[in-house]
Amino acid sequence: MYQATLKDYLRESRLFRARAITATLIILLLLLLLILHLAKLQIIDHAHFTTLSRDNRVKVEPLPPTRGLIYDRNGVILAQNLPTHSLEITPERVKDLDWTLQELGKLISISDNDRKRFNRLKSHQRRFESIPIRVQLSDEEVARFAVNRHLFPGVDIQAKLLRDYPLKDVTAHILGYVGRINKRELQTIDNSSYSGTTHIGKNGIEKYYEETLHGKVGLQQVEINALGRVIRILESKPPEPGADLHLTLDSALQRVAIESFGEENGAAVAIDPQTGDILAMVSKPGFDPNLFVEGISSADYNALQNSEEKPLFNRAIRGQYPPGSTIKPFIGLGGLESGVITATRKNYCPGFFQLPNHSHKYRDWKKAGHGAVDLYDAIAQSCDVYYYDLAQQMGIDKLAEYLAPFGFGEKTGVDITGELGGLLPSREWKRRSKNQPWYPGETLITGIGQGYFLTTPLQLASATATLASGGSRLQPRIVKSIRRNGEPDPREQPVSQQQIARQSESHWDSIVEAMIQVTEGVRGTARLIRNEHYRIAGKTGTAQVFTIKQEEKYEEEKLEKKMRDHALFIAFAPADAPRIAVAVIVENGGHGGSVAAPIAKAIMDRYLLQDTR
């Protein structure tokens, strides 16, 4: 049986109206809240959000300056800036860095070293600064990323100039290199001057002349979109590029000097005695400074750092070696000037020297002795006994007094970082540094350039140049002029000059004549380099690596290479009107006359005869 259901229309109507009113009230309340929030945004917080909006739209960016170039004395470029592209990530704008790196690796090859360098840079750079994940991209890699750019917010290709050293190891120790600014440097540099700059000079000329090479930062206001990409440039103040440096260095001469060493290691410095210009400054072995510009790999750095040959060590300015017999012309001059000896007075050399009332024998390099020798013979044949006797007569205090004006025991002041000053021993020095008295035997070995006596190749070359110029001591320089904005007239770098007091010109002439006999005399220790084109005034030297006991005999052929004596040679030429002064040291080379002297001759030949070939 069907039963009808009656609807209560009145009740449903009341329920509907109640729901409608409730919904309307909720809508009105929400609308009121919205209006209040809009009012807050538009009225109360108007100034704040206007500023934020402007900052999101307009951005001030630093414009890093172009680093100055470096040329040799003949205009050959030694340090340049090459255009390159790098793939860079701004951590602040990347949501998932691990995913981003993973996906980027599918497009562009990213090595473990690239990741390590990125993580290292990220640890001390601010999150809003871009960090390179790959440098020196190929054109193909740039194009590949450009197509997929939209997939990687916070990642972009940056065009920049990368420092490059075309001659690599030939000029590495002189120029040094630039590298990325590290944490320690961030604490010392003026941040405003280095805004937008990622690299700074680390050593060598690049560091010494950092302020000159760097230039001044510029600024630009740019309009950017929501993705942070530049739409247009609103205002710009261009940067001021760094100044260019023109060196005294002759890069062709530098290459000849390096090649002259062959398989040997050591250092050579050539100076113009009339100007103080450094014509060549070699430290062998060298290294490729380009490896350091964007961060050297751990494997490459460890190979350089752990090498027994120490390629990172600048022997020319930091190597401290006993000068050996190369010091004899300077001590001989001191003996003449002080009146202790005359050039022609003869002393007898039996092959050894003994102090009064002492049994110890100070041996000559020639076991049988040289017989009767005067100053000319003593320098030409490098007689040790003559100089033992001279040193004893002068005493250590007078020795130091006559050697100091030539610059021994102090830095030359050359315009490059890292120079050491050697050591000129004296009674006062030993008391101050070792709290010990000075002994007579120490004076004797100082007289032949051994014992505590230490000098750098640059210091020895500077002293030789001073001798060549008749006592005019010029501060060596490596930068000759600085040019800004392409100015055609270079501004010469000032040169410091001191004049050594001379008692008699004939004394200096006697020393020069004795040094000529080293290369031209029948028994001269460097007679093998005598030539018909110009006369050479030189002096050979040998520096012991270890001390030989009284009863022992030095047998070179039985020693390891690293235990053999260092070979030294100093010279200037032409002897009558010097244009070049040279100092050479060959580590563990053995004999100055046969090993170091030919290197010096090759350098002088290239410089003095290049116009006649």
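Checked by atom type, the side-chain pair Y71/D244 shows no donor-acceptor distance below 3.5 Å. Side-chain atoms of Y534 and D576 include no donor-acceptor pair closer than 3.5 Å. When only modelled atom types and interatomic distance are considered, Q392 and Y362 share no side-chain donor-acceptor pair under 3.5 Å. K601 and S260 share no side-chain donor-acceptor pair at under 3.5 Å. No donor-acceptor contact under 3.5 angstrom links the side chains of S462 and T412, judged on distance only.
D377 pairs with exactly one of R345, R523, K346 by the salt bridge (Lys or Arg N to Asp or Glu O under 4.0 Å) rule, that one being K346. Checked against L458 for a side-chain contact (heavy atoms from CB on, under 4.5 Å), the options N314, I271, I416 give a single hit: I271.
At a threshold of 4.5 Å between non-hydrogen side-chain atoms, the residues Y402 and I331 do not count as touching. Side chains of I70 and Y165 form no contact here, defined as non-hydrogen atoms less than 4.5 Å apart. Side-chain contact between I174 and I278: absent, with no pair of heavy atoms (C-beta onward) separated by less than 4.5 Å. Looking at I258 and V282, their side chains come closer than 4.5 Å, going by heavy atoms from C-beta outward. Between Y452 and I445 the shortest side-chain heavy-atom distance does not fall below 4.5 Å.
Of the possible polar contacts, one joining the S469 side chain to the T466 backbone as a donor-acceptor pair under 3.5 Å is found. Between the side chain of R530 and the backbone N or O of R527 there is no donor-acceptor pair closer than 3.5 Å. Side-chain N or O atoms of D72 include one that pairs as donor or acceptor with a backbone N or O of S251 at under 3.5 Å. Side-chain atoms of Q475 come within 3.5 Å of backbone atoms of G413 as a donor-acceptor pair (strictly under, hydrogens ignored).
Ion pair K480/D415 not flagged as a salt bridge, since none of the NZ, NE, NH1 or NH2 atoms sits closer than 4.0 Å to an Asp/Glu carboxylate oxygen. K202 and E206 are not joined by a salt bridge, as no carboxylate oxygen comes within less than 4.0 angstrom of a charged side-chain nitrogen. A salt bridge between R67 and E210 is present, with a side-chain N of the basic residue lying under 4.0 Å from a carboxylate O of the acidic one.
Rounding to the nearest 0.5 Å gives a distance of 8.5 Å between NE2 of H360 and CG of L355. The CG atom of L424 sits 11.5 Å away from atom CD of E401, with the distance rounded to the nearest 0.5 Å. If you take CG on L247 and OG1 on T171, they are separated by 9.0 Å, rounding to the nearest 0.5 Å. To the nearest 0.5 Å, the span separating CG on L390 from CG on L375 amounts to 8.5 Å.
The aromatic ring centroids of H173 and F287 lie less than 6.0 Å from each other.
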TODO: Could you please spell out the steps behind the salt bridge (charged side-chain N to carboxylate O under 4.0 Å, His left out) verdict for E410 and R473?
DONE: CA-CA 13 Å; E410 63 181 61; R473 181 181 164 195; 2.7 Å; yes

_Please determine whether salt bridge (charged side-chain N to carboxylate O under 4.0 Å, His left out) holds for the pair D272 and R579, giving the CA-CA distance in whole Å, both sets of side-chain angles, and the decisive distance to 0.1 Å._
CA-CA 6 Å; D272 183 335; R579 292 170 51 199; over 6 Å; no

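Legend: residues meeting side-chain hydrogen bond (donor to acceptor under 3.5 Å, both in side chains) with T540, ordered by chain and number and at least two apart, are T525.
Atom CD of Q499 has more than 12 neighbouring heavy atoms from other residues, nucleotides or ligands inside a 6.0 Å radius.
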